[in-house]
Amino acid sequence: MKQSLKELVCLALEEAKTQGHLTLDPPPEVVIEEPKDETMGDFATTVAMSLAKSEKKNPRKIAESLLDSLKSRPELVAEVEIAGPGFINFRLARGFMRQQFMDAVNQGERFGRSEVGKRTRVLLEFVSANPTGPLHVGHGRGAAVGDCLSRLMDWAGFDVSKEYYINDVGNQMNNLGRSTQLRYQQELGRKVTFPDDLYQGDYINDIARTVIEKDGDRHLNSDDEDSLGFFRKITSDTILDGIKNDLKQFRVEYDQWFSEQTLHESNKVEGAIAWLRDKGHVYDKDGATWLKSSAFKDEKDRVVVKQGGEKTYFCADIAYHQQKIERGYDVILDLWGADHHGYVARMEAVLEALEHGDGGFQVLLIQFVSLKRGGEKVQMSTRSGKFVTLADVVNEVGVDATRFFFLMRSSDSHLDFDLELAKSETQENPVYYIQYAHARICSLFRTAEENGMPPCDANSVNLGRLDQEEDFSLIKKCLLFPELIGKSALSREVHRISYFLQELVAQFHRYYSVHRVVSEDQELTQARLLLLELVRSVIANGLKIMGVSAPEKM
RNA sequence: GCGCCCAUAGCUCAGCUGGAUAGAGCGACGGUUUGCGGAACCGUAGGUCAGAGGUUCGAGUCCUCUUGGGCGCACCA
């Protein structure tokens with residue numbers, strides 16, 4: 001819709017140039033926007049104002065020189081006028097809008113899809129929480145955003161793969177195994193001290209008890225080291241299963257689960273360092289091995305192999321990202337918690353050293369969630385193990401509301417998550433506002449059918465009966481959906497979907513209160529039902545991208 | 001000390017590449033239904049866009065500084 005207008009404007013500019021009215025040096029960027037006030041028209045362009053400087057002409061004069069060509073397509077644009085300092089306002093031809101409307105209706109559940117992503121191959125890594133405990137609310141936000149972003153980008157024509165990186169290597173794994181081992185011994189009555197730096201959470205005790213149920217005290221007397229290996233494995237396996245299950249309950253599915261351990265086992269880590277050393281990006285100093293990351297944008301060099309010969313976490317991460325490149329992804333997209341922002345520069349340095357093209361690596365930081373209950377802050381502390389888990393929140397408020405709340409705010413803003421609000425099935429909850437609209441439209445279809453007006457073939461509907469201002473503004477809103485999806489995908493901003501849906505739904509409810517849909521007038525009823533079918537599919541498609549259900553009844 | 005993010009209505013937040021009179025939800029106050037779902041709709045009140053400079057036809061949006069908050073600055077993962 002906007003595209004057709006843009007082409008028209010470009011054509012008009014060219015014509016003005018050949019006629020000598022404009023020089024178009026440098027060529028302007030044509031922006032089509034929606035006026036704040038609908039009485040000013042359907043769309044507007046600011047191109048005359050942005051040209052004023054380079055053309056050294058009054059913007060209104062420039063607009064006037066374009067006017068004739070802009071009026072040359074009455075089947076597309078019904079009215080053109082110059083307003084204010086030099087805005088050019090357009091009123092679209094109603095026939096054109098009806099035609100666009102039919103296209104959209106015919107696309108149905110695919111309406112909103114586009115190819116702006118040009119099938120670019122994207123690897124989206126998100127959550128990747130260490131398997132040392134259950135997922136908490138912060139991870140939940142990452143999960144919701146990552147999952148939604150993957151679908152959003154898929155709709156916009158990207159080829160997206162979702163991946164979870166499992167940090168199943170290192171000292172933390174020993175601590176984890178040790179924690180369960182000690183709890184196991186305690187449960188069986190042995191007096192042992194439990195150090196503060198081990199994992200304190202109740203889930204460790206649960207695992208210890210499970211081991212007792214299965215194996216009794218068999219691990220009590222076996223060699224400490226062997227036994228530690230056993231506890232390490234059973235603990236991390238159990239926790240990882242729990243994480244997978246939590247994510248599944250939250251409707252988040254991955255394409256790949258990538259284990260850090262496999263990198264070490266296949267010597268990819270050494271390989272990566274050797275590769276970088278070959279390129280001169282790695283050197284030895286003070287008995288350690290360093291990445292010359294300061295040669296790129298990082299503030300200083302970083303250790304990859306410690307003095308004792310042990311590899312750092314960072315070292316494995318280098319190999320991991322080299323793997324991502326080798327697997328042929330054009331865009332490597334990492335979603336991290338905001339507390340990792342200090343890590344961004346060095347990772348960018350790595351990707352540059354690995355010669356992955358400009359713009360091919362992007363980190364999205366997700367800000368913190370503060371949990372509230374009726375305005376009161378809920379305390380969360382990882383150290384004591386007493387944090388609110390994602391599963392707790394989902395159990396309390398449900399998947400739909402939880403996902404929606406995580407997705408309704410810009411990711412780079414802190415999020416206040418009020419449990420009471422999310423749970424409330426009242427007017428103050430935006431999730432239900434949108435779902436209610438969907439259910440209400442479905443109810444209208446049911447009512448029509450009961451009155452002997454089942455849905456008919458879209459092509460036999462008389463669209464001429466859609467002739468009210470409210471019809472067109474509702475149509476226009478729906479037609480903006482594909483552009484919204486494309487833009488949000490390109491800017492990786494998932495929150496814009498929920499805002500769009502709230503606006504659309506508000507417009508629908510208003511429409512509903514002004515215009516009777518199911519009436520004696522069959523022709524009019526069918527026309528309006530078709531309009532609402534488009535509204536319904538936009539709501540359904542939007543919610544689908546968010547991973548929120550669109551109920552037919554509630 | 002250095003760096004990243006944030007600051008818009010009483011509260012929670014939108015505001016896309018700078019554009020017309022700064023918006024929404026909630027809360028407050030007032031109204032709407034004997035016809036399709038009132039989980040809805042309409043109206044009123046509420047703003048020095050943290051502050052100060054600057055860039056320009058035009059700044060909530062870009063630049064600099066200040067203030068206030070969050071987070072990070074490991075041979076941890």
Side-chain angles (χ1 to χ4, degrees), chain A residues 29 31 33-37 40 44 46 49-50 52-53 58-59 83-87 89 130 132 167 169-173 175 260 286-290 299-300 302-317 337-345 365 367-368 370 372 375 408-418 421 424-433 435-437 439-448 450-451 483-484 487-488 490-491 493 495-496 498-500 502-503 505-506 508-519 525 528-529 553-554:
Chain A
E29 199 184 332
V31 177
E33 55 180 35
E34 299 130 66
K36 288 181 181 168
D37 188 342
M40 296 191 271
T46 55
M49 288 183 284
S50 59
K53 197 170 190 181
N58 181 313
F87 289 97
N89 293 338
N130 293 349
T132 55
N167 300 126
V169 175
N171 219 11
Q172 55 169 356
M173 287 297 118
N175 286 342
E260 178 183 350
D286 304 335
T289 305
W290 300 70
E299 52 186 308
K300 57 182 178 185
R302 308 288 176 175
V303 170
V304 290
V305 182
K306 301 183 221 172
Q307 275 178 359
E310 199 184 336
K311 298 178 189 74
T312 61
Y313 167 83
F314 178 53
C315 184
D317 222 4
D339 52 336
H340 289 79
H341 66 77
Y343 203 74
V344 175
L365 295 173
Q367 293 292 333
F368 281 177
S370 35
K372 296 192 172 173
M408 67 193 277
R409 300 291 181 229
S410 164
S411 302
D412 47 30
S413 277
H414 289 230
L415 175 69
D416 273 356
F417 191 113
D418 195 315
L421 178 61
S424 70
E425 296 188 9
T426 64
Q427 53 195 12
E428 57 197 12
N429 193 329
V431 195
Y432 297 110
Y433 183 66
Q435 290 184 323
Y436 176 69
R440 201 180 210 187
I441 293 174
C442 291
S443 162
L444 284 171
F445 292 143
R446 287 191 294 268
T447 306
E450 285 160 17
N451 292 349
E483 186 193 340
L484 169 93
K487 271 190 186 171
S488 311
L490 289 172
S491 59
E493 291 174 309
H495 69 283
R496 289 172 59 175
S498 74
Y499 277 91
F500 179 88
Q502 287 184 70
E503 288 163 8
V505 160
F508 156 69
H509 283 308
R510 221 171 297 138
Y511 183 92
Y512 179 91
S513 66
V514 177
H515 294 299
R516 168 130 193 118
V517 178
V518 180
S519 66
T525 302
R528 289 188 171 164
L529 285 176
K553 286 181 185 175
M554 16 190 329

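Letters go in sequence order (proteins before strands), and every chain restarts at 1.
- Taking the side chain of A/Lys553 as heavy atoms from C-beta on, and the options B/rG37, B/rG70, B/rC36, the nearest nucleotide is B/rG37.
- Put simply, A/Arg510 has a side-chain N or O that comes within less than 4.0 Å of OP1 or OP2 on B/rC42.
- In this structure, the nucleotide among B/rC36, B/rU12, B/rC6 sitting nearest to the side chain of A/Asp416 is B/rU12.
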Could you spell out the base pairing of RNA chain B in dot-bracket, with Watson-Crick or G-U pairs whose two distances are under 3.5 Å, [ ] crossing and | to another strand? (((((((..((((.....[...)))).(((((.......))))).....(((((..]....))))))))))))....

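- Nearest nucleotide to the side chain of A/Lys300, out of B/rG37, B/rA74, B/rU12: B/rA74.
- Set against B/rC75, B/rC36, B/rA77, the side chain of A/Asp286 has B/rC75 as its closest nucleotide.
- Looking at the side chain of A/Lys487, the nearest of the listed nucleotides B/rG37, B/rC16, B/rA14 is B/rC16.
- Across residues 308-317 of chain A, A/Thr312, A/Tyr313 each have a non-hydrogen atom less than 4.0 Å from an atom of RNA chain B (numbered order).
- One can find a donor-acceptor pair under 3.5 Å joining the base of B/rA20 and the side-chain atoms of A/Asn89.
- For B/rC71, the base has a donor-acceptor partner in the side chain of A/His341 [N/O atoms by modelled type, under 3.5 angstrom].
- B/rU17 and B/rC13: their C1' atoms are spaced 23 Å apart (whole Å).
- Across all strands, A/Met40 comes closer than 4.0 Å to base atoms (heavy-atom distances).
- Of the listed nucleotides (B/rG15, B/rG37, B/rC73), B/rC73 has the atom at the smallest distance from the side chain of A/Glu299.
- Listed nucleotides: B/rU21, B/rA40, B/rC6. Nearest to the side chain of A/Asp37: B/rU21.
- Ranking B/rG19, B/rG35, B/rC13 by closeness to the A/Arg409 side chain, first place goes to B/rC13.
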